[in-house]
Amino acid sequence: MTDSFSNPSPQFGTAEYIGKPGNDHCQFCHQPIAGNYYRINKSMACGGCAEKMRGGLATDSHAAFTRALLYGIGAAVLGMILYAVFEIATGLIVGYVSLAVGWMVGTAMMKGSNGVGGRRYQVAAVLLTYAAVSMAAVPVWIHYGNKHQQEQQQRQTQGQQTQQQLDEEQRQLETESGQRPSQPVPKSAQQRISLGAWLARAALIGLASPFLEVLGGGVTFGWLIGVVILFVGMKIAAKLTAGRTIEIFGPFNDSAQPSQLSLG
């Protein structure tokens with residue numbers, strides 16, 4: 001932003017506008033402008049609106065970036081849930097949801113920073129968008145894994161019931177024949193993994209899910225479209241967090257009129 005309040009000299013790199021007394025109005029408060037006026041980007045403004053705009057511009061700080069991260073993480077989690085729920089409910093993998101996720105993350109971060117943007121905000125928004133879209137594969141896998149496990153347990157239950165009937169008949173025959181009934185062989189205890197290790201493994205697999213799909217099925221047209229849409233969503237997030245460029249020029253005097261040359 002150019003500070004022209006302390007330096008009213010002409011700006012050779014910026015065009016100065018000469019207004020017409022009594023006909024110019026502030027583009028923000030729509031009040032007539034008499035005397036000095038300012039330019040906020042390309043819009044004419046009165047002195048009061050210029051001061052308000054100047055004082056309302058948020059400055060970058062550690063607190064602003066922290067709030068932007070918290071808002072962005074919240075939006076990324078919501079975006080991941082939205083992506084996963086849509087895929088589970090419809091059974092379709094629609095990459096266009098990535099665009100909505102990018103918009104959600106970028107908008108939330110700008111809300112948290114009160115409009116402050118910049119390079120580090122863009123990097124964070126891009127990473128959060130990618131993480132949200134790629135990690136959406138984890139709840140989808142859990143859903144279908146649980147569904148497959150329930151079906152497998154049902155088959156195992158039916159098989160166990162049949163096996164128990166056979167074991168019971170065998171023990172009855174052994175008892176009738178005077179033999180000692182055989183004891184069922186206990187199942188070996190399954191090795192359990194800690195919750196922290198499982199979450200870390202799931203996070204790594206989720207982040208790598210776009211590339212694991214290629215390893216599993218090769219490069220397909222659908223995968224290429226999904227990756228392109230994902231990058232577009234990341235670009236949307238980066239564009240939203242670039243920040244607002246507001247330049248205030250002035251003051252200018254609308255009573256000044258161009259000088260006229262007389263030919264003699």
Side-chain angles (χ1 to χ4, degrees), residues 1 41 56-90 92-143 196 198-247:
M1 178 168 35
N41 289 346
L57 291 177
T59 57
D60 192 5
S61 63
H62 178 72
F65 184 65
T66 302
R67 287 195 307 269
L69 277 181
L70 293 176
Y71 277 60
I73 291 173
V77 172
L78 290 177
M80 180 190 69
I81 295 174
L82 172 66
Y83 200 109
V85 169
F86 182 86
E87 183 173 342
I88 292 173
T90 63
L92 302 175
I93 302 176
V94 180
Y96 289 104
V97 183
S98 304
L99 306 181
V101 175
W103 179 84
M104 291 171 59
V105 171
T107 302
M109 290 190 65
M110 293 300 290
K111 180 70 174 178
S113 66
N114 293 325
V116 177
R119 180 63 61 184
R120 59 176 179 172
Y121 294 86
Q122 291 179 297
V123 173
V126 167
L127 294 178
L128 287 175
T129 301
Y130 175 81
V133 174
S134 60
M135 289 289 292
V138 175
V140 174
W141 290 339
I142 293 175
H143 169 75
W198 182 89
L199 290 175
R201 182 180 300 179
L204 291 176
I205 294 176
L207 293 173
S209 60
F211 306 99
L212 294 178
E213 184 178 348
V214 176
L215 296 177
V219 178
T220 61
F221 180 75
W223 178 84
L224 288 175
I225 294 297
V227 170
V228 170
I229 296 176
L230 172 58
F231 277 102
V232 173
M234 295 163 62
K235 186 176 180 179
I236 291 174
K239 185 176 181 180
L240 290 173
T241 51
R244 297 174 296 184
T245 302
I246 299 179
E247 295 180 323

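Across every non-hydrogen atom of Leu207 and Tyr130, the tightest pair is O-OH, 2.7 Å. Contact detail for Ile236 and Gly102: the closest heavy-atom pair is CG2-C, 4.3 Å. The nearest pair of heavy atoms linking Ser113 to Ala68 is CB-CB, 4.0 Å. The two residues Ala76 and Ala132 come nearest to each other via the heavy atoms O-CB, 3.3 Å. Ile229 and Leu99 get closest at one heavy-atom pair: O-CD2, 3.7 Å. When all heavy atoms of Arg67 and Asn114 are compared, the closest pair comes out as NH2-ND2, 3.5 Å.
Note that the CD1 atom of Ile142 and the CD1 atom of Ile88 stand 9.0 Å from one another [nearest 0.5 Å]. Atom-to-atom distance recorded for Thr129:OG1 and Lys235:NZ is 14.0 Å, nearest 0.5 angstrom. We find the CG-CE distance between Leu204 and Met135 to be 9.0 Å, quoted to the nearest 0.5 Å.
Ser98 is not listed as a side-chain neighbour of Phe231, based on a closest heavy-atom distance of 4.5 Å or more.
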Legend entry - Step-by-step side chain to side chain contact (heavy atoms under 4.5 Å, CB included) determination, Met109 to Tyr71: CA-CA 5 Å; Met109 290 190 65; Tyr71 277 60; 5.5 Å; no
task: Apply side chain to side chain contact (heavy atoms under 4.5 Å, CB included) to the pair Val133 and Met234, showing each step before the final yes or no.
output: CA-CA 10 Å; Val133 174; Met234 295 163 62; over 6 Å; no
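For the pair Thr107 (side chain) and Met104 (backbone), a donor-acceptor distance under 3.5 Å is absent.
For Arg119, the salt bridge (charged side-chain N to carboxylate O under 4.0 Å, His left out) criterion is met by no residue, not counting sequence neighbours. Under the ring-ring contact (aromatic ring centres under 6.0 Å, His included) criterion, Phe65 pairs with Tyr121, sequence neighbours left out.
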